[in-house]
A.B. asks: 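What follows is a single structure, and I will ask about it in a moment.
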Amino acid sequence: VFELAESSASFAAEVVDVVRKEHNLGDQKLEVQMAKLLLGPWQKSANTRVGLPPQVIVIDALDENNGGAEFAKLLVAALQKGHLASLRLFLTCRPEPIYEETLVSSSEGLSRCLSLCFEQGTDGRATLDADILQYLNQELPRHRNTPHLQALAVASAGLFVYASTVVLLVNPDPNEVQKTLREEKE
(Lines give C-alpha, C1' and ligand atoms only; values in the text may rest on other atoms or scores of the structure.)
Protein backbone atom coordinates (compact mmCIF):
# COMPACT_ATOMS: atom_id res chain seq x y z
CA VAL A 1 0.00 0.00 0.00
CA PHE A 2 2.81 2.40 0.89
CA GLU A 3 4.59 2.20 -2.46
CA LEU A 4 1.32 2.40 -4.35
CA ALA A 5 0.43 5.49 -2.32
CA GLU A 6 3.79 7.02 -3.25
CA SER A 7 2.91 6.71 -6.93
CA SER A 8 -0.72 7.88 -6.71
CA ALA A 9 -1.58 11.00 -4.74
CA SER A 10 -5.32 10.37 -5.00
CA PHE A 11 -4.92 6.84 -3.61
CA ALA A 12 -2.61 8.15 -0.87
CA ALA A 13 -5.22 10.71 0.19
CA GLU A 14 -7.84 7.98 0.54
CA VAL A 15 -5.47 5.77 2.56
CA VAL A 16 -4.62 8.67 4.89
CA ASP A 17 -8.33 9.27 5.41
CA VAL A 18 -8.86 5.62 6.39
CA VAL A 19 -5.86 5.57 8.76
CA ARG A 20 -7.05 8.75 10.49
CA LYS A 21 -10.47 7.22 11.09
CA GLU A 22 -9.37 3.69 12.07
CA HIS A 23 -6.48 3.42 14.48
CA ASN A 24 -6.64 -0.34 15.07
CA LEU A 25 -6.23 -1.63 11.51
CA GLY A 26 -3.00 -3.39 12.46
CA ASP A 27 -5.00 -5.62 14.79
CA GLN A 28 -7.59 -6.55 12.14
CA LYS A 29 -7.72 -9.66 9.97
CA LEU A 30 -5.91 -9.52 6.63
CA GLU A 31 -9.24 -9.44 4.77
CA VAL A 32 -10.31 -6.30 6.68
CA GLN A 33 -6.92 -4.64 6.19
CA MET A 34 -7.00 -5.34 2.47
CA ALA A 35 -10.54 -4.04 2.09
CA LYS A 36 -9.90 -0.85 4.03
CA LEU A 37 -6.33 -0.05 3.03
CA LEU A 38 -6.22 -1.25 -0.58
CA LEU A 39 -9.55 -2.05 -2.20
CA GLY A 40 -11.64 0.80 -0.79
CA PRO A 41 -9.09 3.56 -1.39
CA TRP A 42 -8.22 2.20 -4.86
CA GLN A 43 -11.86 2.22 -5.92
CA LYS A 44 -12.61 5.62 -4.37
CA SER A 45 -9.66 7.21 -6.18
CA ALA A 46 -10.39 5.58 -9.55
CA ASN A 47 -11.98 8.67 -11.12
CA THR A 48 -8.82 10.72 -10.66
CA ARG A 49 -6.72 8.11 -12.47
CA VAL A 50 -8.83 7.92 -15.66
CA GLY A 51 -6.58 8.04 -18.72
CA LEU A 52 -3.42 7.28 -16.77
CA PRO A 53 -1.36 4.17 -17.53
CA PRO A 54 -1.88 1.17 -15.25
CA GLN A 55 0.13 1.01 -12.04
CA VAL A 56 2.46 -1.99 -11.74
CA ILE A 57 3.10 -3.48 -8.32
CA VAL A 58 5.65 -6.21 -7.63
CA ILE A 59 5.09 -8.43 -4.61
CA ASP A 60 8.16 -10.59 -4.20
CA ALA A 61 8.50 -13.83 -2.23
CA LEU A 62 4.80 -14.21 -1.52
CA ASP A 63 5.48 -17.68 -0.14
CA GLU A 64 7.87 -16.38 2.51
CA ASN A 65 5.06 -14.78 4.50
CA ASN A 66 2.73 -16.78 6.73
CA GLY A 67 -0.27 -15.00 5.22
CA GLY A 68 0.96 -15.23 1.63
CA ALA A 69 -1.55 -17.83 0.46
CA GLU A 70 -4.47 -15.99 2.05
CA PHE A 71 -3.21 -12.71 0.56
CA ALA A 72 -3.01 -14.33 -2.90
CA LYS A 73 -6.59 -15.64 -2.56
CA LEU A 74 -7.84 -12.18 -1.56
CA LEU A 75 -6.03 -10.59 -4.51
CA VAL A 76 -7.52 -13.07 -6.96
CA ALA A 77 -11.01 -12.50 -5.53
CA ALA A 78 -10.54 -8.72 -5.85
CA LEU A 79 -9.35 -9.10 -9.44
CA GLN A 80 -12.32 -11.32 -10.31
CA LYS A 81 -14.71 -8.70 -8.93
CA GLY A 82 -12.96 -5.90 -10.85
CA HIS A 83 -11.91 -4.07 -7.68
CA LEU A 84 -8.33 -3.52 -8.85
CA ALA A 85 -8.94 -1.95 -12.26
CA SER A 86 -5.84 -0.37 -13.83
CA LEU A 87 -3.58 -2.17 -11.37
CA ARG A 88 -1.18 -4.81 -12.67
CA LEU A 89 0.30 -7.20 -10.14
CA PHE A 90 3.49 -9.19 -10.55
CA LEU A 91 3.74 -11.82 -7.82
CA THR A 92 6.71 -14.07 -7.23
CA CYS A 93 6.73 -17.26 -5.20
CA ARG A 94 8.08 -20.77 -5.21
CA PRO A 95 6.10 -23.25 -7.31
CA GLU A 96 4.02 -24.61 -4.44
CA PRO A 97 0.61 -26.21 -5.09
CA ILE A 98 -1.36 -23.69 -3.01
CA TYR A 99 -0.07 -20.80 -5.13
CA GLU A 100 -0.47 -22.63 -8.42
CA GLU A 101 -4.06 -23.47 -7.48
CA THR A 102 -4.85 -19.95 -6.33
CA LEU A 103 -3.04 -17.94 -8.96
CA VAL A 104 -3.66 -20.08 -12.01
CA SER A 105 -6.65 -22.36 -11.50
CA SER A 106 -8.85 -19.96 -9.55
CA SER A 107 -8.04 -16.76 -11.39
CA GLU A 108 -10.27 -17.48 -14.42
CA GLY A 109 -7.64 -16.37 -16.93
CA LEU A 110 -6.79 -13.17 -15.05
CA SER A 111 -3.28 -14.36 -14.32
CA ARG A 112 -0.45 -16.14 -16.06
CA CYS A 113 2.11 -18.37 -14.45
CA LEU A 114 5.70 -18.14 -15.64
CA SER A 115 8.12 -20.70 -14.34
CA LEU A 116 11.55 -19.34 -13.55
CA CYS A 117 12.76 -22.57 -12.00
CA PHE A 118 15.33 -23.77 -14.45
CA GLU A 119 17.25 -26.92 -13.74
CA GLN A 120 20.92 -26.89 -14.59
CA GLY A 121 21.49 -28.11 -18.13
CA THR A 122 18.22 -26.78 -19.59
CA ASP A 123 17.99 -24.09 -22.28
CA GLY A 124 16.29 -21.71 -19.86
CA ARG A 125 19.02 -22.15 -17.27
CA ALA A 126 21.74 -21.63 -19.90
CA THR A 127 20.08 -18.34 -20.85
CA LEU A 128 19.91 -17.25 -17.21
CA ASP A 129 23.55 -18.18 -16.63
CA ALA A 130 24.55 -16.20 -19.74
CA ASP A 131 22.54 -13.18 -18.56
CA ILE A 132 24.10 -13.37 -15.13
CA LEU A 133 27.58 -13.69 -16.65
CA GLN A 134 26.89 -10.62 -18.78
CA TYR A 135 25.81 -8.73 -15.64
CA LEU A 136 28.92 -9.87 -13.75
CA ASN A 137 31.20 -8.90 -16.66
CA GLN A 138 29.65 -5.45 -16.71
CA GLU A 139 29.85 -4.92 -12.95
CA LEU A 140 33.28 -6.52 -12.46
CA PRO A 141 35.18 -5.55 -15.62
CA ARG A 142 38.60 -6.43 -14.17
CA HIS A 143 37.43 -10.05 -14.02
CA ARG A 144 35.69 -10.11 -17.40
CA ASN A 145 35.20 -13.67 -18.74
CA THR A 146 37.62 -15.20 -16.25
CA PRO A 147 36.99 -18.80 -15.19
CA HIS A 148 36.09 -17.75 -11.65
CA LEU A 149 33.50 -15.27 -12.93
CA GLN A 150 32.01 -17.96 -15.17
CA ALA A 151 31.91 -20.31 -12.18
CA LEU A 152 30.19 -17.61 -10.15
CA ALA A 153 27.50 -17.25 -12.82
CA VAL A 154 26.83 -20.99 -12.63
CA ALA A 155 26.96 -20.97 -8.81
CA SER A 156 24.33 -18.23 -8.81
CA ALA A 157 21.89 -20.97 -9.87
CA GLY A 158 19.82 -18.58 -11.96
CA LEU A 159 19.41 -16.08 -9.12
CA PHE A 160 20.43 -12.51 -9.90
CA VAL A 161 20.21 -11.67 -6.20
CA TYR A 162 23.09 -14.07 -5.52
CA ALA A 163 25.24 -12.48 -8.22
CA SER A 164 24.35 -8.93 -7.17
CA THR A 165 25.22 -9.71 -3.55
CA VAL A 166 28.66 -10.88 -4.65
CA VAL A 167 29.08 -7.70 -6.69
CA LEU A 168 28.23 -5.60 -3.62
CA LEU A 169 30.81 -7.50 -1.58
CA VAL A 170 33.51 -7.23 -4.24
CA ASN A 171 32.75 -3.60 -5.14
CA PRO A 172 31.94 -1.87 -1.86
CA ASP A 173 30.65 1.70 -1.77
CA PRO A 174 33.72 3.99 -2.16
CA ASN A 175 32.45 6.28 0.61
CA GLU A 176 32.27 3.35 3.01
CA VAL A 177 35.81 2.27 2.05
CA GLN A 178 37.16 5.76 2.79
CA LYS A 179 35.26 5.86 6.08
CA THR A 180 36.71 2.49 7.09
CA LEU A 181 40.24 3.58 6.14
CA ARG A 182 39.86 6.75 8.25
CA GLU A 183 38.56 4.75 11.19
CA GLU A 184 41.50 2.34 10.94
CA LYS A 185 44.00 5.25 11.01
CA GLU A 186 42.44 6.67 14.16
A.B. asks: Tell me, yes or no, whether the heavy-atom count around Y162 atom OH, taken from other residues, nucleotides or ligands under 6.0 Å, exceeds 12.
C.D. replies: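 It does not: Y162 OH has 12 such atoms or fewer within range.
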A.B. asks: Is there side-chain contact between L75 and L84, with heavy atoms separated by less than 4.5 Å?
C.D. replies: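 Yes. Closest side-chain heavy atoms under 4.5 Å.
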A.B. asks: How many angstroms lie between atom OG1 of T102 and atom CG of L62, to the nearest 0.5 angstrom?
C.D. replies: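 One finds 9.0 Å between OG1 of T102 and CG of L62.
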A.B. asks: Going by the side-chain hydrogen bond (donor to acceptor under 3.5 Å, both in side chains) test, which pairs reach into residues 46-61, not counting sequence neighbours?
C.D. replies: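 Sorted pair list: S7-Q55, S10-T48, S45-R49, D60-T92.
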A.B. asks: Once you round to the nearest 0.5 Å, how far does CG of N137 lie from CG of N145?
C.D. replies: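 Between N137 CG and N145 CG, I get 4.0 Å after rounding to 0.5 Å.
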A.B. asks: On a heavy-atom basis, which atom in N65 and which in G67 lie closest, and how many Å separate them?
C.D. replies: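 Scanning both residues, the minimum pair turns out to be OD1-N, 2.7 Å.
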A.B. asks: What's the shortest heavy-atom distance between V18 and P41, and which atoms?
C.D. replies: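 Looking at all heavy atoms of both residues, the closest pair is CG2-CG, 4.2 Å.
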A.B. asks: Would you compute the distance between atom CD of Q33 and atom CG of L74 and round it to the nearest 0.5 angstrom?
C.D. replies: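 If I round to the nearest 0.5 Å, the distance is 10.5 Å.
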A.B. asks: Could you list the donor-acceptor pairs under 3.5 angstrom formed by side chains in residues 19-26, with sequence neighbours left out?
C.D. replies:
from : atom 1 : to  : atom 2 : distance (Å)
K21  : NZ     : D17 : OD2    : 3.2
E22  : OE1    : K36 : NZ     : 2.9
E22  : OE2    : K36 : NZ     : 3.1
H23  : NE2    : R20 : O      : 3.3

A.B. asks: I need the L159 CG to T165 OG1 distance, nearest 0.5 Å.
C.D. replies: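 Between atom CG of L159 and atom OG1 of T165 there are 10.0 Å.
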A.B. asks: Do V56 and L38 share a hydrophobic cluster (ILVMFWY, side-chain heavy atoms under 4.5 Å, transitive)?
C.D. replies: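 In one cluster with V56: L38, no.
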A.B. asks: If you count the non-hydrogen atoms of other residues, nucleotides and ligands that lie under 6.0 Å from CD in E6, is the total more than 12?
C.D. replies: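 More than 12 heavy atoms, drawn from other residues, nucleotides or ligands, come within 6.0 Å of this atom.
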A.B. asks: Ignoring hydrogens, what is the shortest heavy-atom contact between D63 and C93? Give both atom names and the distance.
C.D. replies: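 Minimum heavy-atom separation between D63 and C93: OD1-CA, 3.1 Å.
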A.B. asks: Treat each ILVMFWY residue as a node, draw an edge where side-chain heavy atoms are under 4.5 Å apart, and state whether L169 and L140 are in one component.
C.D. replies: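 Hydrophobic grouping puts L169 apart from L140.
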A.B. asks: Can you check whether Y99 reaches L91 side chain to side chain, under 4.5 Å on heavy atoms?
C.D. replies: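 No, their side chains stay 4.5 Å or more apart.
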A.B. asks: When clusters are formed by joining ILVMFWY residues with side-chain heavy atoms under 4.5 Å apart, either directly or through shared neighbours, do L4 and L52 land in the same one?
C.D. replies: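 Per the 4.5 Å side-chain linkage, L4 and L52 are not co-clustered.
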A.B. asks: Using the rule given for side chain to side chain contact (heavy atoms under 4.5 Å, CB included), can you reason through D131 versus F160, listing the C-alpha separation, both sets of side-chain angles and the distance that settles it, and then say yes or no?
C.D. replies: CA-CA 9 Å; D131 288 347; F160 273 92; 3.7 Å; yes
A.B. asks: Tell me if a side-chain donor or acceptor on D129 pairs with a main-chain N or O of V154 at a distance below 3.5 Å.
C.D. replies: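 Absent.
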A.B. asks: Mind running side chain to side chain contact (heavy atoms under 4.5 Å, CB included) on F2 and V15 for me, showing each step along the way?
C.D. replies: CA-CA 9 Å; F2 177 78; V15 171; over 6 Å; no
A.B. asks: So if you build clusters from Ile, Leu, Val, Met, Phe, Trp, Tyr with side-chain heavy-atom gaps below 4.5 Å, do V32 and V16 land together?
C.D. replies: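 Hydrophobic grouping puts V32 apart from V16.
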A.B. asks: For W42 and S86, indicate whether the former's side chain and the latter's backbone hold a donor-acceptor pair under 3.5 Å.
C.D. replies: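 No.
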A.B. asks: Applying ring pair (Phe, Tyr, Trp, His ring centres under 6.0 Å) as the test, list every pair that has at least one member in residues 62-88; sequence neighbours left out.
C.D. replies: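 Sorted result for residues 62-88: empty, none.
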A.B. asks: How long is the gap from CD on E14 to CD on Q43, to the nearest 0.5 Å?
C.D. replies: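 That separation rounds to 11.0 Å.
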A.B. asks: Which pair of heavy atoms, one from V1 and one from F11, lies closest together, and at what distance?
C.D. replies: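 It is O-CE2, 3.7 Å.
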A.B. asks: Taking all non-hydrogen atoms of both residues, which atom of A69 and which atom of I98 are closest, and how far apart?
C.D. replies: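 Of all heavy-atom pairs spanning A69 and I98, the closest is CB-CG1, 3.8 Å.
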A.B. asks: At what distance, to the nearest 0.5 angstrom, does CD of E139 lie from CD of Q134?
C.D. replies: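 So the gap between those two atoms works out to 11.0 Å.
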